[in-house]
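A short worksheet on the structure shown next.
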Amino acid sequence: MDYFRRTRVKEIISGQKADQKVIILGWARTKRLSKNVGFIEINDGSSLHNAQLVFSPPGDFPELERIITGTSLRVVGKVVKVEGREQAYEVHAEELEIVGECSQDYPLQKKRHTFEFLREIAHLRPRTNTFGVINRFRSKLSHCIHEYYQQRGFYYIHTPIITTSDCEGAGDLFQVTTLPLKELAEKKTELDMDKDFFAEKAYLTVSGQLEGELMCTALGDIYTFGPTFRAEKSYTSRHLSEFWMMEPEMAFCDLDEMIILIEDFLKHLISYSIEQCEEEMAFFNQWIDKGRQKVLQSIVESDFAKITYTEAVDILKKSKRNFEFPVGWGLDLQSEHERFLSEEYFKKPVFVTDYPRDIKAFYMRVNEDEKTVRAVDVLVPLVGEIVGGSQREERYDYLRKNMVQQGMDIEEYQWFLDIRKYGTVPHSGFGLGFERMLMYLSGMTNIRDVMPFPRFPRSAKF
RNA sequence: UCCCCGAUAGCUCAGUAGGUAGAGCAGGUGGCUGUUAACCACCGAGUCGCAGGUUCGAGUCCUGCUCGGGGAGCCA
């Protein structure tokens with residue numbers, strides 16, 4: 001092929017290749033033919049926009065007859081600047097070659113499809129405008145996250161995907177096994193875990209946090225960014241069974257300091273999107289959620305709201321709202337409560353800190369009052385909880401006591417206690433749901449549409 | 001797991017009071033002096049999600065199931 005010689009559509013439409021002869025490799029998006037002139041719009045994934053190929057006269061290109069939306073092509077032609085048209089540059093074709101014909105039953109058409117239909121053809125939906133934009137945006141935002149932390153001296157840690165910790169405090173786990181389940185079921189024999197691959201129960205990770213904590217006590221500042229697995233049967237527009245989470249962990253950092261970092265980080269992701277992903281943000285603003293860009297811009301320019309759980313409960317009580325679920329100190333905040341705070345009361349992202357210890361995880365640092373812990377959630381309009389984190393309990397005795405109270409096996413988690421025994425330090429960390437951040441930035445309302453190949457209960461196709 | 005809503009051509013949908021299905025797009029054929037989701041004409045295309053039931057007759061009414069969507073819980 002001409003892989004190294006070809007020119008990307010992106011370079012052509014930006015005018016970098018004016019008056020030059022180029023080779024384009026891509027897929028036809030639409031064809032318009034008349035007697036004296038014909039047009040094909042070609043897309044190669046480098047941009048939302050297509051390059052227009054001009055065939056004059058079409059009779060010189062017999063292959064045109066066999067080209068429909070979806071056909072892959074190799075085209076040689078000259079880039080020409082044009083005036084008074086939708087596109088500033090187009091390509092006057094000299095050679096046209098069909099690389100792969102496209103069957104007539106190609107499901108993607110030159111019109112809008114519903115997201116529900118596209119989810120059923122997740123192998124083809126990357127070729128649509130919307131998913132092209134989302135997938136490029138996803139890549140850019142991943143890069144942005146790495147760049148942000150690398151520039152600040154954080155180290156990227158690969159935490160294990162397979163774990164034997166079954167009570168990290170975050171939901172149900174997928175079990176990993178090589179035992180011949182069918183055979184064992186037929187024989188109705190007891191499971192002998194010693195015969196399993198790891199000689200004990202193993203699971204897919206629900207968080208890299210515990211290992212992240214270990215690493216931060218050696219490297220100072222670390223972050224993880226990888227897949228996370230939850231086996232809850234959640235049928236909602238903001239849950240997946242497999243999703244990507246970004247988790248930094250900082251030694252010698254308390255909750256208030258971490259909150260400064262979180263705000264700066266989230267604002268950086270927004271600014272980066274606005275400044276470095278113009279094409280994507282313009283698309284979202286026009287087709288997905290009109291006014292999204294304006295909202296994001298205002299977020300960058302203002303401070304996030306910051307309240308304690310106790311203050312949140314007061315606000316909810318004073319709101320005189322008729323909530324479906326009760327509001328009261330000690331009760332968990334429900335979706336409707338979180339939405340009220342971020343969408344109606346503050347109308348912007350809100351930090352909620354210092355939750356009752358009884359409704360939070362065992363590893364969170366207990367406050368002086370002995371009733372609350374140094375936890376923080378970030379609630380954003382439309383998406384809900386986008387960040388959850390805490391200052392960790394660095395005091396050996398406190399942590400051990402918590403673990404005992406929760407009925408945890410101390411011996412099994414001695415390694416987690418050990419870092420509190422050998423030169424313990426205050427440390428803090430949080431988790432950012434990557435897909436939820438993508439939803440927030442794009443305005444997409446279903447998490448299954450910001451994940452290339454989403455997994456959820458009863459669905460792991462493609 | 002619970003509560004709502006939905007399922008009609010490849011796609012998006014319409015279908016009136018139960019009376020045996022229709023439009024746009026896509027595809028095919030032809031036309032058109034640069035088109036922009038091009039346009040014009042013609043053509044083919046459906047076990048109305050599945051299984052029962054009510055009825056002389058069911059896309060339309062009833063029951064169950066399957067799948068999809070929205071919300072709740074769980075959380076990121």
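Within every chain, numbering begins at 1; the chains are lettered A, B, ... in the order of the sequence lines, protein sequences first and strands thereafter.
- Across the protein-nucleic acid pair, A:Glu83 atom CD and B:U35 atom C1' stand 18 Å apart, rounded to whole Å.
- In this structure, of B:C11, B:G34, B:G71, it is B:G71 that holds the atom nearest to the side chain of A:Arg339.
- Across all strands shown, A:Gln109 has heavy atoms under 4.0 Å from base atoms, whether or not it also approaches the sugar-phosphate.
- Pairing of B:A41, defined by two Watson-Crick or G-U wobble distances under 3.5 Å, is identified with B:U29.
- A close approach under 4.0 Å does not occur between any side-chain nitrogen or oxygen of A:Arg32 and OP1 or OP2 of B:G34.
- When the C1' atom of B:A76 is taken as reference, atom CZ of A:Phe456 falls 18 Å away, rounded to whole Å.
- When the C1' atom is compared between B:C48 and B:G6, the two are found 14 Å apart, to the nearest whole Å.
- Heavy atoms of A:Ser234 sit under 4.0 angstrom from at least one base atom.
- At a threshold of 4.0 angstrom between heavy atoms, the contacts of A:Arg238 include nucleobase atoms, whether or not backbone atoms are also involved.
- Within a 6.0 Å radius of NZ in A:Lys233, no more than 12 heavy atoms belonging to other residues, nucleotides or ligands are found.
- Checking the phosphate oxygens (OP1, OP2) of B:A37, no side-chain nitrogen or oxygen of A:Asn129 falls inside 4.0 Å.
- As rounded to whole Å, 12 Å separates atom C1' of B:G10 from atom CD1 of A:Ile68.
- For the pair A:Thr114 and B:U12, the criterion of a side-chain N or O lying under 4.0 Å from OP1 or OP2 is met.
- Side-chain nitrogen and oxygen atoms of A:Gln334 include at least one within less than 4.0 Å of the OP1 or OP2 phosphate oxygen of B:G73.
- For B:A51, the paired nucleotide is B:U63, the pair qualifying as Watson-Crick or G-U wobble because both relevant distances are below 3.5 Å.
- A sub-4.0 Å separation between OP1 or OP2 of B:A26 and a side-chain N or O of A:Thr69 is absent.
- Between A:Tyr355 and the choices A:Thr310, A:Asp377, A:Asp332, the side chain to side chain donor-acceptor pair (under 3.5 Å) rule is met once, by A:Asp377.
- Under the Watson-Crick and G-U wobble criteria, each requiring two contacts below 3.5 Å, nucleotide B:G57 is left unpaired.
- Between A:Ser34 and B:G34 there is a side-chain polar atom (N or O) within less than 4.0 angstrom of OP1 or OP2.
- Ring orientation note: the planes of A:Tyr272 and A:His143 are tilted relative to one another, at an angle of 30° to 60°.
- Residue contacts for A:Arg119: at a heavy-atom cut-off of 4.0 Å it reaches the sugar-phosphate backbone alone, with no base atom in range.
- For A:Glu90 and B:G34, a side-chain-to-base donor-acceptor distance below 3.5 Å is present, hydrogens and geometry of angles not being considered.
- Separation of the C1' atoms belonging to B:G19 and B:G59 is 12 Å when rounded to the nearest angstrom.
- Nucleotides B:C61 and B:G18 place their P atoms 8 Å apart, quoted to the nearest Å.
- The side chain of A:Lys110 places an N or O atom within less than 4.0 Å of a non-bridging phosphate oxygen (OP1 or OP2) of B:A38.
- In this entry the distance linking CZ of A:Phe430 with P of B:A76 reads 13 Å, nearest Å.
- Of the candidate nucleotides B:G24, B:G34, B:G69, B:G24 has the atom lying nearest to any side-chain atom of A:Lys111.
- In this structure, the nucleotide among B:A37, B:A76, B:A72 sitting nearest to the side chain of A:Phe325 is B:A72.
- A:Phe243 comes within 4.0 angstrom of a base, heavy atoms only.
- Among the atoms of the strands shown, base atoms are found under 4.0 Å from some heavy atom of A:Leu240.
- B:U36 and B:C50: their P atoms are spaced 41 Å apart (whole Å).
- Nucleotide B:A72 has B:U1 as its partner under the Watson-Crick or G-U criteria, with both atom distances under 3.5 Å.
- Within the 4.0 Å cut-off from OP1 or OP2 of B:G73, at least one side-chain nitrogen or oxygen of A:Ser335 is found.
- A:Gln104 comes within 4.0 angstrom of the backbone, heavy atoms only, and of no base.
- The distance from atom CG of A:Leu124 to atom P of B:G10 is 17 Å, rounded to the nearest whole Å.
- A:Gln334 places none of its side-chain heavy atoms less than 4.5 Å from the side chain of A:Phe323.
- Applying the 4.0 Å criterion to OP1 and OP2 of B:G69, one finds that A:Arg448 has a side-chain N or O inside that range.
- Here A:Lys35 reaches the OP1 or OP2 of B:C32: one of its side-chain N or O atoms lies under 4.0 Å away.
- Taking the six-membered ring for Trp, A:Tyr148 and A:His146 have ring centres at least 6.0 Å apart.
- For the pair A:Leu333 CG and B:C74 C1', the interatomic distance rounds to 15 Å; values are reported in whole Å.
- The listed nucleotides are B:U36, B:U1, B:C75; the one nearest the side chain of A:Arg436 is B:C75.
- We find that CD of A:Gln87 is positioned 10 Å from C1' of B:G34, with the value rounded to whole Å.
- Atom C1' of nucleotide B:A9 and atom CG of A:Asp105 are separated by 14 Å, given to the nearest angstrom.
- Across all strands shown, A:His113 has heavy atoms under 4.0 Å from sugar-phosphate atoms exclusively, and none from any base.
- Within the nucleic acid shown, A:Tyr235 comes within 4.0 Å of at least one base atom, counting heavy atoms only.
- At the heavy-atom level, A:Gln52 lies under 4.0 Å from base atoms of the strands shown.
- Remark: A:Arg29 is not in phosphate contact with B:A37, judged by side-chain N or O atoms under 4.0 Å from OP1 or OP2.
- Residue-level contact check: A:Val82 touches neither bases nor backbone, having no heavy atom under 4.0 Å from any strand.
- Nucleic acid contact class of A:Leu33 (heavy atoms, under 4.0 Å, all strands): base.
- When both pairing distances are held under 3.5 Å, B:A21 makes no Watson-Crick or G-U pair with any nucleotide shown.
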